**Student:** 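Pasting in a structure now, in structure tokens, and then I'll have a few things to ask.
Every chain is numbered from 1 and lettered A, B, ... according to where its sequence line falls, protein lines coming before strand lines. In this text the structure is predicted, and so the values were computed from the model without any measurement.
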Number of protein chains: 2
Amino acid sequence: MAKAYERIADDLRQSIRAGELAPGDRLPSEAKLAERYRRSVPTVRDALRLLQAEGLIDKEHGRGNFVRRPRTLVQRSNLRHQWEKDRVREPEEKRAETGATEHDTGLELPDLVFHAAYREIPADKELAEAFGVAEGTTLLERTYRTRYRAESAPFTLVTSYLVRDMVAANPALLDAANEPWPGGTQNQLFTVGIEFGRIEERVTARPPTAEEAEELELPPGTAVLVLRKTSIDIDDRPVEISDVVLPGDRTEMLFTTPLERW
Amino acid sequence: MAKAYERIADDLRQSIRAGELAPGDRLPSEAKLAERYRRSVPTVRDALRLLQAEGLIDKEHGRGNFVRRPRTLVQRSNLRHQWEKDRVREPEEKRAETGATEHDTGLELPDLVFHAAYREIPADKELAEAFGVAEGTTLLERTYRTRYRAESAPFTLVTSYLVRDMVAANPALLDAANEPWPGGTQNQLFTVGIEFGRIEERVTARPPTAEEAEELELPPGTAVLVLRKTSIDIDDRPVEISDVVLPGDRTEMLFTTPLERW
DNA sequence: GAGGAGAACTCCTCTTTATGAGTTGCGTTG
DNA sequence: CAACGCAACTCATAAAGAGGAGTTCTCCTC
């Protein structure tokens, strides 16, 4: 005795997977579906809500329900960490030439940064532990959104943390007006004598919060990738921690792990 | 003029985030909430469904609605690729000694494998491209689920592909009865002279399909991490492709990228 | 004291009905 | 022929209510 709305959902899902309903197609109206399955309209709506939560359909008020088209992926590769490190020591003119978007490497980098905010905060327990400092140590917190030139919607939400005392040697970094940092964070940390040794990235996934869904303009039925990136210098000290939220339906993260030869 | 069910959801969400409702707490019954907010029960249910989709609450039939407790994460690290490669050439007794779970490295590996299936299939366009072979080339497809000893629910769904002709030199690998492969895939490929050169992992996130939700015993309001792992040998040939589905609320993937010293 | 019946409480599915609001297209009007 | 306006279609929100089913607790019986 499967539930009515589940049976309807199953049936429609199968039609979509089998390609009878192609991406972009409009489904029959809710009233028509109710008639076809001999159920009430609210029951049909329950089924459609299920499909929406799975990311299979888009509901458009006044127009209909449509099979969702897959969105194109933007790739984010860990090879770029090395590329960014190499770039730090290139002459400034050359950096300006390649700009924030690099073509040679095939790596796309975000080229628009919005709404940078800048604060000093005391480290909470979790961040203190991650940095290996005492709770309450003053941190710099920067938050911003990035967007790709070709994209209409924002692409990442970033919150970045630094230990204030570690960067204080370069007063420009304490100036909120200096956002975003020219040449990138790694470049600016280089000015205070910090060389990056490795990057650790921790990835999980979950449904977006209501705020994230709004800021990233996520349709219902999408997930977010949550990335905590810890940059560690050659003395094994964590120097920057970034929490990044990425739209799961538009992001592909590529991690390449080289293995030692025998 | 915010909608009624959204206002109710916002209010409850805030109570949860502020800690007035702690993880594990039971929310007031739907009837009570309806009374408190002066709305009908179905409207309250709409609000609760929203919170459930965000993963904030669990609905338990006959018992009530509860603030969800965060689940503990299992870490999956790319350091393990190197460790597995090193292990390939260790004497067999030593491998058996450490078993599938490794303690020294701090890396947890799944130690129970369920329901392995084994097929030969022709490569579709996408897989042919990924392997760099002609469409229709015969592939070996293996699918299985893994589970951790301490965990009640399955932990991964894996589909793994190999080009048949590349492994045919070891007839044991063509035998479906030989599942799972002793010592792991990398170990078995070593027997046909394949040495891994690097691992590429592509990660995206999305809501689970209905089947995945069931197989992984995922509560509503969770996402899955989708991982495509491509193992490439020292001659730059892709030798194994694995599609892995992981529960987003229980998985943390750790990728460490070492940077070259100056 | 143990066991079982049942009440009381919970959420679940489905129906019917009403009103609202966004979109599209057509037909009238100027 | 263009522009406007309205009708018809779409989905959205909300209500009230009936019947169902899972859980818990109490109280009665033995």
Side-chain angles (χ1 to χ4, degrees), chain A residues 1-13 15-16 21 24-69 210 213-214 217-221, chain B residues 1-13 15-16 21 24-69 210 213-214 217-221:
Chain A
M1 187 224 66
K3 294 150 223 162
Y5 74 100
E6 284 183 357
R7 279 191 295 104
I8 297 173
D10 285 347
D11 193 59
L12 293 171
R13 195 165 22 224
S15 295
I16 293 171
L21 292 166
D25 280 4
R26 204 185 79 188
L27 273 64
S29 76
E30 295 177 347
K32 290 257 176 57
L33 289 173
E35 197 183 344
R36 180 203 296 181
Y37 293 109
R38 318 203 154 262
R39 293 291 169 175
S40 70
V41 167
T43 299
V44 167
R45 288 180 57 75
D46 284 345
L48 293 173
R49 175 164 34 225
L50 223 57
L51 299 181
Q52 188 191 30
E54 291 170 18
L56 281 176
I57 67 169
D58 289 313
K59 316 200 92 217
E60 292 185 34
H61 189 167
R63 305 210 328 117
N65 297 297
F66 298 83
V67 179
R68 183 175 293 180
R69 292 175 205 276
E214 195 181 349
E217 295 170 28
L218 296 175
Chain B
M1 186 225 67
K3 295 148 224 163
Y5 74 99
E6 283 182 359
R7 279 193 292 103
I8 297 173
D10 285 347
D11 192 59
L12 292 172
R13 198 170 13 232
S15 295
I16 292 171
L21 291 166
D25 279 4
R26 205 186 77 188
L27 274 63
S29 76
E30 296 176 348
K32 290 257 176 56
L33 290 172
E35 196 184 345
R36 180 202 297 181
Y37 292 109
R38 316 202 154 261
R39 294 290 168 173
S40 69
V41 167
T43 298
V44 168
R45 286 180 58 74
D46 284 345
L48 294 173
R49 176 165 33 227
L50 223 57
L51 299 181
Q52 187 191 30
E54 292 170 18
L56 281 176
I57 66 169
D58 289 312
K59 318 201 90 216
E60 292 184 33
H61 190 169
R63 307 209 329 118
N65 297 298
F66 298 83
V67 179
R68 182 175 293 180
R69 292 175 206 275
E214 194 180 348
E217 295 170 29
L218 297 174

**Student:** Using a 4.5 Å cut-off on heavy atoms from C-beta on, say whether the side chain of B:Tyr37 contacts that of B:Asp11.
**Tutor:** yes
**Student:** Examine D:dT13: is either OP1 or OP2 under 4.0 Å from a nitrogen or oxygen in the side chain of B:Tyr5? Give yes or no.
**Tutor:** yes
**Student:** Check every atom of C:dC14, D:dA12, C:dC11 against the side chain of B:Lys59 and return the nucleotide holding the closest atom.
**Tutor:** C:dC11
**Student:** Classify B:Ser29 by what it touches in the nucleic acid, base, sugar-phosphate, or nothing, heavy-atom distance under 4.0 Å.
**Tutor:** sugar-phosphate
**Student:** Below the 4.0 Å mark, does C:dC11 have OP1 or OP2 next to a side-chain nitrogen or oxygen of B:Arg63?
**Tutor:** no
**Student:** For A:Arg45, which contact category applies under a 4.0 Å heavy-atom criterion: base, sugar-phosphate, or nothing?
**Tutor:** base
**Student:** Answer yes or no: does a side-chain N or O of A:Thr43 lie under 4.0 Å from OP1 or OP2 of C:dT15?
**Tutor:** yes
**Student:** Between D:dA14, D:dT10, D:dA15, which nucleotide has the shortest distance from any of its atoms to the side chain of A:Arg26?
**Tutor:** D:dT10
**Student:** Counting C-beta onward and ignoring hydrogens, is there a side-chain heavy-atom pair between A:Leu51 and A:Glu54 closer than 4.5 Å?
**Tutor:** yes
**Student:** Can you check the A:Phe66 CZ to D:dC11 C1' distance for me, whole Å?
**Tutor:** 11 Å
**Student:** Between the base of D:dA12 and the side chain of A:His61, is one N or O donor paired with an acceptor at under 3.5 angstrom?
**Tutor:** no
**Student:** Taking A:Arg7 first and then A:Asp10, would you say they form a salt bridge - that is, a charged N and a carboxylate O separated by under 4.0 Å?
**Tutor:** no
**Student:** Can you find a pair of side-chain heavy atoms, one from B:Ile57 and one from B:Ile16, that are under 4.5 Å apart?
**Tutor:** yes
**Student:** Is A:Asn65 near enough to D:dT10 that one of its side-chain N or O atoms lies under 4.0 angstrom from OP1 or OP2?
**Tutor:** no
**Student:** Between D:dT13 atom P and B:Leu50 atom CG, what is the distance in whole Å?
**Tutor:** 10 Å
**Student:** Report the residue (B:Arg38 or A:Glu30) whose heavy-atom-nearest nucleotide on DNA chain D is the more 5′ of the two.
**Tutor:** A:Glu30
**Student:** With heavy atoms under 4.0 Å as the rule, sort B:Asp46 into base, sugar-phosphate or nothing.
**Tutor:** nothing
**Student:** Whole Å only: how far is the CG atom of B:Leu33 from the C1' atom of D:dA14?
**Tutor:** 17 Å
**Student:** Nearest whole angstrom, please: distance from the C1' of C:dC12 to the CG of B:Asp58.
**Tutor:** 16 Å
**Student:** Figure out the CZ/P separation between B:Arg49 and C:dC14, and round it to whole Å.
**Tutor:** 12 Å
**Student:** Nearest-Å distance, NZ (A:Lys32) to P (D:dA8)?
**Tutor:** 15 Å
**Student:** Below 4.0 angstrom, N of the basic side chain to O of the carboxylate: do A:Arg49 and A:Asp46 qualify?
**Tutor:** yes
**Student:** What integer distance in Å separates B:Glu35:CD from D:dA15:P?
**Tutor:** 14 Å
**Student:** Please give, in whole Å, the distance from C:dC9 P to B:Glu60 CD?
**Tutor:** 20 Å
